[in-house]
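Throughout, residue positions are numbered sequentially from 1 according to the sequence presented.
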Amino acid sequence: MLLAVPLAPLFGAVVAGLFGKTIGRRGAHTVTILGVLVSFIISVMTLMAVNDGARLNQTVYEWMNVGGLKMEVGFLIDGLSAMMMCVVSFVSLMVHIYTIGYMEEDPGYQRFFSYISLFTFSMLMLVMSNNFLQLFFGWEAVGLVSYLLIGFWYTKPTAIFANMKAFLVNRVGDFGFILGIGLLVAYGGSLNYADTFAKANELAQIQFPAPLWGDSWMLLSVACICLFIGAMGKSAQFPLHVWLPDSMEGPTPISALIHAATMVTAGIFMVSRMSPLFELSDTALNFVLVIGAITALFMGFLGIIQNDIKRVVAYSTLSQLGYMTVALGASAYSVAVFHLMTHAFFKALLFLGAGSVIIGMHHDQDIRNMGGLRKYMPITWITSLLGSLALIGTPFFSGFYSKDSIIDAVKASHLPAADFAYFAVLAGVFVTAFYSFRMYFLVFHGKENFHHKPFPGEHDHHDDHGHGHDHTPHESPAVVWVPLVLLAIPSVVIGYLTIQPMLFGTFFADSIFVNEALHPAMRELAEDFHGGVEMAVHSLTSLPFIFAAAGVAFAYVFYMVAPSIPAAFARTLRPLMVLLENKYYMDWINENILAPLTRGLGLGLWKVGDQGVIDGVLVNGSAAAVGGVAGLVRRVQTGHLYWYALVMILGVIGLMTWQLWPYMWPQFRTLLGL
């Protein structure tokens, strides 16, 4: 039955992709939604079984055995994978239903459903895998489908640029990822997780000479950092984050499915799965902490100045992924996965809410052209408000339980990088609240700025869903708002309901390993936890709550009461604004420094390595050597009998001289008086 979890969406993807024209639009969305629904139902049944103590680690199919290295398809079902299966399949199901309304008039309707169903299959293969090979297959497959979906509108130059950027940045991360897997397989001798984890302590003893600095490097530190570089690409951590904001060029359902709830969390899931290895390397954990802290704070700053509604949510995603990464570095893997789960619901809700606003605004995405939408789009308004409250960590909402747990875990960590990370995640609370409610107030409250606006030119691939030239916003159809309501419910309650079993129960007991003697964060959290209600009440006097409330208050004053204040700030702090508008010049550095360097390296490898050494020396050189030898041999082989007789006589004389020389030489020396 477990095989049906990934195969049902795959079946839907194949049918919709290959026979889309035959079965039509209704057939395409029916077969793909049914496939994901089957996957979701079985995932829930699996989660319930796991909750009752069921576990599975089984090989389904062995397709190759090379020198004892088994290449298999297999499933590892425990608390971590069961929870991920439910999140992936539920969010995917909501996105599939939502897509019926959002992509209603798009000519690529069937192709779109095929892609998102294929993506669901790839992600499920990744989270269910019990070996590195299947993990890498799912890892690359979600990257490929992400490339196809970001560039879905392939006649739009910005979309093609964005999908190529995502593809290339992820190649950098994946290069590190496969190096990490290669090191573990080379020294551990197996592709299977369980075998590798069993040898973790042996691997921790292996050192090799340092190629750059220090005396020696620890194998596990290098392997874990390489694995995490893969996570930096997939989960958009600084400096490999640059692809995610541009990926907003894809249709909004994709932003919700890939860039909020599933693909970008693959890196967080992978590091949690590898916790038995990361726990043995403080170097790797410090590296993870620093990268996560930088991402959490500095990507949040960029959200403050965005005016495109989807880009605000995109930078929010980057910042929240930074929070999850910080939790990983603090050895609070279960907290990271807990935030992954709660964030999946409220961030998918915010993206789909943004999409609903875009539909209502006839595909205008500029929040400065909105305002006062609360009375026109009541369902979108209330669900977006709930999503925003969850995002900023309002007590009793799901985001509060996971985000505050991350902050407490970092505070309890004893690693050298923990102090910087604690400052970053605490400051990030204010920043998150500020940009979230800046967007909320500008979109749903205040002055209406959308009257008498011309239709935006961005709307190349949609018509305006048959609304003529009426510029009044309108509530979205039921296929759009029903998923919003269904996502809003877990956004409010899922954190309260699951914090006890996921963080302090036995749900992840055999999925996640923590060495509490060295990394006591989770132990200290457990000592201070007295229940969900007490945690929320106690937080009302805590620094994170004060910072979040201040962020909302500042946003209200700046954008509802006195909009002249942010304008004055922008004029006064112009250099800072330029830095933020240029996204810390990361794109400029990539395009003007790193790209020429890598192009130069590639050109050198091509001209010197490929054409010079491989083609010139090894291939053409060996051919020339054979030709030269053949030319010499051809001169000797004349075909004349007298020439062969002469060579034979000279050869006999030469052999006789060589044999008799040791006896003749003393006689010569005597004759010559030497």
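Y323 places no side-chain N or O within donor-acceptor distance of the main-chain N or O of A296, the cut-off being under 3.5 Å. Checking side-chain atoms of S275 against main-chain N and O of S272 turns up a donor-acceptor pair under 3.5 Å. Looking at H241, its side chain never comes within 3.5 Å of a backbone N or O of Q237 through a donor-acceptor pair. Put simply, the side chain of S316 never gets that close to the backbone of V312: no donor and acceptor are under 3.5 Å apart. Using a distance-only test at 3.5 Å, with no hydrogens or angles considered, a donor-acceptor pair links the side chain of W243 to the main chain of G233. Y496 places no side-chain N or O within 3.5 Å of a backbone atom of F397 that could act as its donor or acceptor partner. In this structure, the side chain of T99 engages the main chain of V95 through a donor-acceptor pair within 3.5 Å. For the pair D78 (side chain) and V50 (backbone), a donor-acceptor distance under 3.5 Å is absent. Put simply, the side chain of K234 gets close to the backbone of W139: a donor and an acceptor are under 3.5 Å apart. T394 places no side-chain N or O within 3.5 Å of a backbone atom of A390 that could act as its donor or acceptor partner.
Here CG of D246 is found 13.5 Å from CE of M164. Values are rounded to the nearest 0.5 Å. Separation of atoms CE (M370) and CD1 (I309) is listed at 4.5 Å; rounding is to 0.5 Å. One finds the CE atom of M324 at 6.0 Å from the CD1 atom of I268 (value rounded to the nearest 0.5 Å). The distance from the OG atom of S388 to the CG atom of L349 is 8.0 Å, given to the nearest 0.5 Å. Between S81 atom OG and L56 atom CG the span is 9.0 Å, to the nearest 0.5 Å. Put simply, CG on L391 and NZ on K403 are 8.5 Å apart, with the number rounded to the nearest 0.5 Å.
Counting heavy atoms of neighbouring residues, nucleotides and ligands inside a 6.0 Å radius, atom CD1 of I42 exceeds 12 of them. Under a cut-off of 6.0 angstrom, the local environment of CZ in F11 is sparse, with at most 12 non-hydrogen atoms contributed by other residues, nucleotides or ligands.
F112 has its ring centre no less than 6.0 Å from the ring centre of Y115.
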| Full working for side chain to side chain contact (heavy atoms under 4.5 Å, CB included) between V88 and F40 | CA-CA 8 Å; V88 170; F40 173 60; over 6 Å; no
| message | Between V5 and M85, does the side chain to side chain contact (heavy atoms under 4.5 Å, CB included) criterion hold? Intermediate values first, please. | response | CA-CA 8 Å; V5 176; M85 286 158 61; 4.1 Å; yes
| said: side chain to side chain donor-acceptor pair (under 3.5 Å), that's the test. Do S39 and S89 meet it? Break it down for me. | reply: CA-CA 6 Å; S39 185; S89 54; 4.9 Å; no
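Closest heavy-atom contact between I23 and A16: CD1-CA, 4.4 Å. Nearest heavy-atom pair, M341 versus I494, reported as atom, atom and distance to 0.1 Å: SD-CG1, 3.6 Å. The two residues A13 and S114 have their closest heavy-atom pair at O-OG, 2.8 Å. The shortest non-hydrogen separation linking L318 to T295 is O-CG2, 3.4 Å. Nearest heavy atom pair, residue Y147 against residue N163, reads O-ND2, 3.1 Å. When all heavy atoms of P6 and F121 are compared, the closest pair comes out as O-CD1, 3.1 Å.
Within the structure, salt bridge (Lys or Arg N to Asp or Glu O under 4.0 Å) pairs that include any residue of residues 32-55 comprise R55-D510 (at least two apart or interchain). A salt bridge (Lys or Arg N to Asp or Glu O under 4.0 Å) check over residues 370-388, counting only residues at least two apart or in different chains, returns the pairs K375-E448.
Ring geometry for Y440 against F444 counts as tilted: the plane angle lies between 30° and 60°, on a 0 to 90° scale. F177 and F136 have parallel rings, their planes meeting at less than 30° on a 0 to 90° scale where 60° marks the start of perpendicular. The aromatic rings of H343 and F346 stand perpendicular to each other, their planes meeting at an angle above 60°, with 30° marking the opposite boundary. Aromatic ring orientation, H29 versus Y109: perpendicular (interplanar angle above 60°, classes split at 30° and 60°).
For S92 and T120, the side-chain atoms include at least one donor-acceptor pair closer than 3.5 Å. A donor-acceptor contact under 3.5 angstrom links the side chains of T380 and S356, judged on distance only. Using a 3.5 Å distance cut-off with no hydrogens or angles, the side chains of N57 and N130 do pair a donor with an acceptor. Side-chain atoms of S491 and S398 form no donor-acceptor pair, as typed in the model, at a separation below 3.5 Å. For the residue pair S129 and Y193, a side-chain donor N or O sits within less than 3.5 Å of a side-chain acceptor on the partner.
For the pair V87/M123, no side-chain contact is recorded, criterion being any heavy-atom separation below 4.5 Å from C-beta on. Side-chain contact between Y435 and T432: present, with at least one pair of heavy atoms (C-beta onward) separated by less than 4.5 Å. Here the side chains of V169 and V242 are in contact, with some heavy-atom distance below 4.5 Å. Within the 4.5 Å cutoff, no side-chain heavy atoms of Q320 are placed close to those of Y315. Side-chain contact between N51 and F507 is present, with at least one heavy-atom pair separated by less than 4.5 Å. Between F75 and L3, the closest side-chain pair of non-hydrogen atoms falls below 4.5 Å. Side-chain contact between R25 and I100 is absent, with no heavy atoms from C-beta onward closer than 4.5 Å. Under the 4.5 Å side-chain criterion, counting only non-hydrogen atoms from C-beta, E62 is not in contact with M71.
Every residue two or more places apart in sequence or in another chain was checked for a salt bridge (Lys or Arg N to Asp or Glu O under 4.0 Å) with D308, and none qualifies.
Under 4.0 Å is where a charged nitrogen must lie from a carboxylate oxygen, and between R171 and E140 at least one such pair does. Looking at D366 and R311, no side-chain N of the basic residue comes within less than 4.0 Å of a carboxylate O on the acidic one, giving no salt bridge.
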